[in-house]
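Have a look at the structure below, then the notes.
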Amino acid sequence: GAMASALDVKERLCARWPGRREQISQLLGLIGEPYDSAMPVFVHGPPVTGKSSIVRDVLGTLGRPFAYTSLVDSHGPRLLLDALVEELAPNLRGLDEKDLRCANLADLVQILRKGLPEAGPAVFLVIDEATRVLDWRGGEHLLPALMKLAELTGRNVGCVLVATQGWDAFRTAGGARPPVPVFFDAYTKAQLLKVLLLEKPIGADERLYAAFVSAVLPMFVATCKSLHELRATFVPLWGRYVLPWELAKARIEEMDTGGANREQTSADHAKRTEEKLPEPRQLFAALQSGNTANLANRANPETDTSRTLGGVASGTAGVPSSTDGLDGDDDRREQQGQEKHQQRRRPFLGPVLHAGLAVPLSAAALALGEGRWPVAEDVFSGAGKLDFDIPRLTKFMLISAHLATMNKEGVDKRLFGHMVEGTRAGTAAIRAGGKRRRGAATADRQQDNASVAALEGPGAFNLERLLAYFRIVTKQAYDEDDAGSSELARELLSADVFMQISSMVALGLLTKVSGADALDSVRYRCDIGDDLARKIAANLRVNLDNYLFYT
């Protein structure tokens, strides 16, 4: 009976998570029976491969008590410990609210020792985004303690770390016991197909959606295997793909309710429906050519889908929008003539289904999300033009955060010393055209150090450095625009800097890497890439190279 139950649990989990049978089997074996000794486990692999969701689903399906927290939310030691205790509270016995206060690791050990039975079932602490603990002050000491919670507490407690990087990233944590690794590899094309088919939209025809995914997925899988990006791309594409089929189906149902075909048998009706509805190959051909509206119009001659797709709400097809019938006909003919003229003028767009549609925040993906169709592969927003709109001072704040995270603190004196002396930043190095002139040796050294900095990754900065960069960049930009200092002062006073920082942290543009305790200095890391930073800088007419120093 127990063996059959274990097999049933495994099969149910594998059915919910296609392509993850090996990882599910490993996790089931490591978790074991309720009273087996809990051991530390390290789950790692590329992003969006089901690591966190499968770990939680396995523990939940087995009915094991566990606490889950992500270091994206619990961005400090105290927040992490508080979150773990809060999640475990239903499984802790004999403790009141005062006893559950957890300010440090010693408190956690004491709470677990008091609240859990000595020979009780295994309890697991799941910590997602575990790599972030290495950015904390004292994180190298916290990690070994978490790995040895069972020894410290004398209770059956195990820690499960979830991260994208391998265990080598944690080697700096001295004394950390190597946990048992479970690797989640990237999804293959066949596995992606199974996962996406399980996520069929509500009400969608199963056969039609399977044909859609099977035809469209190969267009993107070579360059994109992220489920998040594929899901975001497939939603508007599915709407375009299925539109002619839905319009044809609605037309047939309308004819049936009109009474013209009520005497037909159900078999005749089914046969006529199959003949009228577009086939999957026709739908894909229309999607690939960008002419889904034309296919819909051929399937339903009396339906004007150009109004539906264009968002025109001036009335029903065939009904004049004006109370005067002649004026309405003239207006409609004029509008149709303009639409045909625009279609004749539109240049050939090239491939309609291309990899750019699956790139997050790309011009093509944003255009698709806005309802534009078809979207050209080389659609581009021009130098300095952004695909999104944010306040001007917020752009300066993002640029300042990027500079503070890319430059080391030793560079600050070099930059801000010019401000103290009343000259522009880098004046000694700037010549005509706003570019620095460097010797060959200096340029080579700068390039080498830039490569090293790229390998080391972005650094953290405190609030004082961010505000210093913000002041130097905004002042120089206003000086070059011949704006007075009074205008700059007014804008700076109107800007709620702390609110902007909080908003950027909430949006994931900045990450708070320390400052959980009252005595800690708050430090941040900028998470925008160099390409986006340069695009924002071009929009502000700021030359980033005047502020970036790698030497």
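In what follows, every heavy atom counts, from backbone to side chain, and hydrogens, waters and symmetry copies are set aside.
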Please find the pair of heavy atoms, one from Ala186 and one from Thr49, that lie closest to each other, and give the distance.
CA-CG2, 4.0 Å

Where does the angle between the aromatic ring planes of Phe461 and Tyr524 fall among parallel (under 30°), tilted (30 to 60°) and perpendicular (over 60°)?
tilted

Of all heavy-atom pairs linking Ala15 and Leu198, the shortest is O-CD1, 3.7 Å

Heavy-atom closest contact (Met397 atom, Met504 atom, distance):
CG-CE, 3.1 Å

Straight-line distance of Leu142 CG to Ile127 CD1, nearest 0.5 Å:
7.0 Å

d(Arg471 CZ, Leu466 CG) to nearest 0.5 Å is 14.0 Å

Asp530 bridged to Arg534 by N-O distance under 4.0 Å:
yes

Short side-chain to backbone donor-acceptor contact, Arg465 and Ala404, under 3.5 Å
yes

Set of side-chain contact (heavy atoms from CB on, under 4.5 Å) partners for Phe183, sequence neighbours left out:
His44, Pro46, Asp185

Can you name the residues that form a side-chain contact (heavy atoms from CB on, under 4.5 Å) with Glu86, not counting sequence neighbours?
none

Main-chain N/O of Asp36 paired with Asn156 side-chain donor or acceptor, under 3.5 Å
yes

Smallest separation among heavy atoms of His75 and Val72, with atom names
CD2-O, 4.1 Å

Measure from the side-chain N and O atoms of Arg155 to the backbone N and O of Lys114, and report whether any donor-acceptor pair falls under 3.5 Å.
no

Do Asp107 and Arg101 come within less than 4.5 Å of each other through their side chains, counting heavy atoms only?
no

Only pairs at least two apart or in different chains count here, so list each salt bridge (Lys or Arg N to Asp or Glu O under 4.0 Å) that has a residue in residues 37-65.
Arg16-Asp57

Sequence-distant partners of Phe212, ring-ring contact (aromatic ring centres under 6.0 Å, His included), two or more places apart
Tyr209, Phe234, Trp238, Tyr241

Taking C-beta and beyond as the side chain, do Arg12 and Asp8 meet within less than 4.5 Å on heavy atoms?
yes

Residues that Thr511 engages under side chain to side chain donor-acceptor pair (under 3.5 Å), provided they are two or more places apart:
Asp527

Donor-acceptor contact below 3.5 Å, side chain Arg525 vs main chain Ala460
no

If we ignore hydrogens and angles and just use 3.5 Å, is the side chain of Thr61 paired with the main-chain N or O of Val58 as donor and acceptor?
no

Quick one: closest heavy-atom pair of Trp167 and Leu143, and the distance?
CH2-CD2, 4.4 Å

Can you tell me if Ser214 uses its side chain to pair, donor with acceptor, with the backbone of Ala210 under 3.5 Å?
yes

Determine the sole option in Leu80, Leu88, Val160 for which the side chain to side chain contact (heavy atoms under 4.5 Å, CB included) test with Leu125 is passed.
Leu88

Rounded to the nearest 0.5 Å, how far does CG of Leu92 lie from CG of Leu112?
6.5 Å

Min side-chain heavy-atom separation Glu206-Lys200 under 4.5 Å:
yes

Shortest non-hydrogen pair, Leu100 vs Ala89, comes out as CD1-CB, 4.3 Å

Under the side-chain contact (heavy atoms from CB on, under 4.5 Å) test, which residues partner Ala83, sequence neighbours left out?
Thr69, Ser74

